[in-house]
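Notes follow once the structure below has been shown.
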Number of protein chains: 2
Amino acid sequence: MEALADYFKVFSEPNRLAVLDALRGGALNVTAVVERTGLSQALVSKHLKLLTIAGVVRRRPEGSLVFYEVIDKNVFRLIQQADKLLLATRRQQLDALVAIL
Amino acid sequence: MEALADYFKVFSEPNRLAVLDALRGGALNVTAVVERTGLSQALVSKHLKLLTIAGVVRRRPEGSLVFYEVIDKNVFRLIQQADKLLLATRRQQLDALVAIL
DNA sequence: CATCGACATAACGACAGTGTGATAGTACAT
DNA sequence: ATGTACTATCACACTGTCGTTATGTCGATG
């Protein structure tokens with residue numbers, strides 16, 4: 001249960017989700033991720049390291065560049081499912097609000 | 001993207017997952033959740049409040065008791081999918097380790 | 001080998017979240 | 001009314017995480 005919570009924690013950070021989103025199309029090197037996200041280089045490196053340790057992302061040095069890529073694309077399914085649930089929740093919250101007014 | 005991260009954050013806490021798990025069978029009052037989880041009453045109240053604000057759980061006072069219940073049971077699907085992904089990840093990490101040795 | 005670009009890491013300050021113990025509020029029974 | 005269970009909230013200390021700045025490292029290239 002603890003491990004699962006830690007896994008959820010991986011996705012509980014906006015910038016980390018942005019980094020993941022940048023990798024949606026396939027492998028990218030760090031600089032490319034920096035450009036796509038607009039985050040600082042140090043910050044991107046940090047998040048990529050976290051994602052690597054978490055086993056979500058694979059690190060592949062190539063010459064002087066380092067490419068990162070999502071290992072199991074099902075993480076995008078997970079993210080999508082969470083997003084869907086979130087929308088349903090928001091809708092239900094609105095309904096509940098309207099019922100009061 | 002921020003909102004989605006916040007939604008993931010809801011599930012990124014072991015005790016909160018335990019509270020949710022206690023509610024798997026249906027509505028329970030606070031004391032029942034306390035008993036099932038072994039957490040302190042104050043802590044359970046806090047987590048239940050969070051879950052309520054997040055729209056995951058519904059609060060229903062009944063006499064002197066307050067029952068809580070999961071609104072959309074799909075959250076359990078989400079949790080299960082995350083757990084499945086986590087397992088796959090662990091397996092792949094082991095494989096990668098073996099490949100090195 | 002000197003340098004330059006790409007990436008990683010360290011150190012730090014700031015802030016958010018967690019758990020606890022104490023206390024307050026609330027319905028119910030006696 | 002008073003006491004008793006149930007639930008909520010407060011104040012606090014503690015910890016963990018985030019982002020930044022600065023610096024370190026490594027490979028490629030001249």
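Here is the naming used below: chain letters follow the sequence lines, and residue numbers restart at 1 for every chain.
- Using a 4.5 Å heavy-atom threshold, the side chains of A/Val34 and A/Leu39 count as separate.
- Atom-to-atom, CG of B/Leu48 to P of D/dC6 comes out at 15 Å; the value is rounded to the nearest Å.
- Side-chain atoms of A/Arg90 and A/Leu94, non-hydrogen and from C-beta on, never get closer than 4.5 Å to each other.
- Residues passing the salt bridge (Lys or Arg N to Asp or Glu O under 4.0 Å) test with B/Arg77: none are found, sequence neighbours excluded.
- Side-chain contact between A/Asp21 and B/Met1 is present, with heavy atoms from C-beta onward closer than 4.5 Å.
- Contact between the side-chain N/O atoms of A/Asn29 and the OP1/OP2 oxygens of C/dA6 is not found at any separation under 4.0 Å.
- Close to C/dA8, at under 4.0 Å from its OP1 or OP2, lies a side-chain N or O of A/Tyr68.
- Atom CZ of A/Arg60 is separated from atom P of C/dA6 by 18 Å (rounded to the nearest Å).
- A close approach under 4.0 Å does occur between a side-chain nitrogen or oxygen of B/Arg59 and OP1 or OP2 of D/dA8.
- Contact check, B/Thr31 against D/dT7: a side-chain N or O comes under 4.0 Å of OP1 or OP2.
- Nucleotide C/dG17 holds its P atom 11 Å from the CD1 atom of B/Ile53, rounded to whole Å.
- Heavy atoms from other residues, nucleotides or ligands lying under 6.0 Å from CD of B/Glu2 number 12 at most.
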### Task
Encode nucleotides 18-30 of chain D as B, S and - characters from 5' to 3', where the letter depends on protein heavy atoms closer than 4.0 Å: B to the base, S only to sugar-phosphate, - to neither.
SBBBB----SS--
Side-chain donor-acceptor distances from residues 48-59 of chain A under 3.5 Å, at least two apart:
residue: A/Thr52; atom: OG1; partner: A/Leu48; partner atom: O; Å: 2.6
residue: A/Arg58; atom: NH1; partner: A/Glu69; partner atom: OE2; Å: 3.4

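- Atom-to-atom, CZ of B/Phe11 to P of C/dT18 comes out at 13 Å; the value is rounded to the nearest Å.
- The NZ-P distance, from A/Lys49 to D/dT17, rounds to 14 Å in whole Å.
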